Amino acid sequence: MTSETDFKVPVIDISSYVGAEAGDMSPGAMAARQQVAREVDEACRSVGFMQIKGHGVPERTVQALKDAIDAFFLQDLDVKKRTMSPYNRGYTAPNSENLSLSLGVEATYGANDFFEAFNIGADQHCYPPLELPSEVYQPNTWPSLEGDRVNPNLAVFRPNLELWFSAIAKLARTLTKVFEVALKLPEGTLTKLDDHSMDVLRCINYTLEPSTAVTFQDQMGMGEHTDYGMLTVLWADRVAGLQVLAKDGTWHDVLPEEGALLVNLGDVMGRLTNDHWLSTLHRVKPPIVNGKVQRRRSAAFFHDGNMDAVIKPLPSLVSEGEEPLYPPLTVWEHVTNKLSGSRRLEINQQGSDREAARVRASIRT
Ligand SMILES: O=C(O)CCC(=O)C(=O)O
Ligand SMILES: [Fe+2]
């Protein structure tokens with residue numbers, strides 16, 4: 001059930017932290033940054049999702065992303081499958097994952113998630129001169145531009161995705177700095193956790209055939225889950241589908257405003273803040289407008305943090321009389337536990353009881 005209570009995903013203009021404005025040390029600019037930090041703190045405590053404006057990502061970069069998504073997904077399934085990889089990279093076919101299993105919740109919708117996806121990520125050459133392991137900073141698998149039935153528009157695919165990846169990697173690091181100020185942490189507390197972050201960009205296409213009448217209301221585009229890392233920057237078509245679980249256990253549709261990017265916290269921020277900031281559950285229902293399926297695309301940039309960063313509640317964020325809710329764990333250990341649920345279609349047994357209980361308590365419509 002969804003309710004129309006006063007649930008809102010706040011819109012926050014972060015331009016005072018972006019580009020040249022970030023270096024402006026005038027009292028007005030410093031006050032503007034403090035105001036942004038307060039708004040971010042409030043959004044992270046109450047919702048765990050926000051809409052970011054003033055992010056500095058130009059419209060032509062957004063268009064480049066959309067062109068890349070279209071060029072790839074409009075190809076035949078067998079052509080897309082040529083980019084499958086044993087790693088968290090390349091193509092994922094429809095109905096091959098089940099995100100609710102990443103939480104330790106049994107599958108409930110009778111079928112796997114109907115999204116298809118293509119992932120790229122930070123590989124071991126992304127952060128010279130560090131010698132990072134290729135099992136974690138995995139090689140990308142780009143589609144070949146040669147061969148029969150290859151979409152001629154595919155030439156833009158790699159440069160366009162790389163353009164988006166680097167713009168959002170920069171934005172994610174700006175947001176880490178804002179988080180540090182919002183949480184009143186000494187400079188470097190969070191930025192030392194993400195200088196070689198295991199970033200992954202996942203382009204997603206929800207594959208129900210557009211314009212068809214909906215016969216299976218209970219199908220899931222993407223099952224309930226929390227994101228795993230520090231934060232996620234999400235671009236999405238302005239079409240219904242994404243829903244967010246509010247504190248009162250009700251689900252709410254979330255549509256980004258024109259020009260806004262959605263940002264949500266992942267489990268790493270929940271763990272660091274002893275759950276004072278929320279790693280909020282979300283899911284994607286079939287994108288339906290007036291009884292008909294719409295095309296819906298999205299691109300989630302997961303800023304997970306350094307593989308070897310040890311994550312545990314920060315002492316200054318554990319309130320008086322509270323216990324730390326989580327034992328120490330590296331980012332890599334946490335992400336592998338989670339992926340083993342969604343990818344191997346096995347229930348994740350590793351310490352997601354708190355999130356799983358919240359899903360079960362929500363009203364599952
Ligand atoms: O497609 C969307 O809007 C959400 C995607 C998402 O939540 C994810 O990939 O983790
Ligand atoms: Fe997500």
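Values below: every heavy atom of this structure, side chains too, minus hydrogens, waters and symmetry copies. All figures in this text were calculated on a predicted structure; none of them were measured in a lab. Counting starts at 1 for both ligands and their atoms, following the listed order.
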When you check the gap from the basic side-chain N to the acidic O, do R283 and D113 get nearer than 4.0 Å? no
Side-chain donor/acceptor of R296 to backbone N/O of V239, under 3.5 Å: yes
How far does NE2 of H303 sit from CG of L265, to the nearest 0.5 angstrom? 12.0 Å
For H282, counting its heavy atoms only, list the atoms of ligand 1 lying under 4.0 Å from any of them. 7 (O)
Looking only at side chains, do H334 and D304 share a donor and an acceptor under 3.5 Å apart? no
For ligand 1, note which part of L99 has a heavy atom under 4.0 Å away: side chain, backbone, both or neither. neither
Can you see whether N337 engages E333 through a side-chain donor-acceptor pair at a distance of less than 3.5 angstrom? no
Identify the protein heavy atom lying closest to atom 8 (C) of ligand 1, giving its residue, its atom name and the separation to 0.1 Å. M222 SD, 3.5 Å
Select one of side chain, backbone, both or neither to describe which atoms of L234 lie under 4.0 Å from any atom of ligand 1, heavy atoms only. side chain
Which protein N, O or S atoms lie under 2.8 Å from the Fe ion (ligand 2)? H225 NE2, D227 OD1, H282 NE2
If you measure every N/O of H225 against every N/O of ligand 1, is any gap under 3.5 Å? yes
Do Y127 side-chain atoms and S197 backbone N/O form a donor-acceptor pair below 3.5 Å? yes
Atoms of ligand 1 less than 4.0 Å from A300 heavy atoms? 9 (O)
Main-chain N/O of G259 paired with H55 side-chain donor or acceptor, under 3.5 Å: yes
Test item: side-chain donor near acceptor, Q35 and R38, under 3.5 Å: yes
If we set the cut-off at 4.0 Å for heavy atoms, which region of F302 has an atom near ligand 1: side chain, backbone, both, or neither? side chain
Look at the rings of F157 and W142 and say which category their plane angle falls in: under 30° parallel, 30 to 60° tilted, over 60° perpendicular. perpendicular
State the atoms of ligand 1, each with its element, that fall below the 4.0 Å cut-off from a heavy-atom position in R296. 1 (O), 2 (C), 3 (O)
Proximal ligand 1 atoms for S298, defined as those under 4.0 Å from one of its heavy atoms: 1 (O), 2 (C)
Heavy-atom gap Y206 to ligand 1 smaller than 4.0 Å: yes
Would R202 and N119 count as having a side-chain donor-acceptor pair, cut-off 3.5 Å? yes
Establish, from distance only, whether the side-chain atoms of N264 and D227 form a donor-acceptor pair under 3.5 Å. yes
Within the 4.0 Å heavy-atom shell around I204, which atoms of ligand 1 are there? 5 (C), 9 (O)
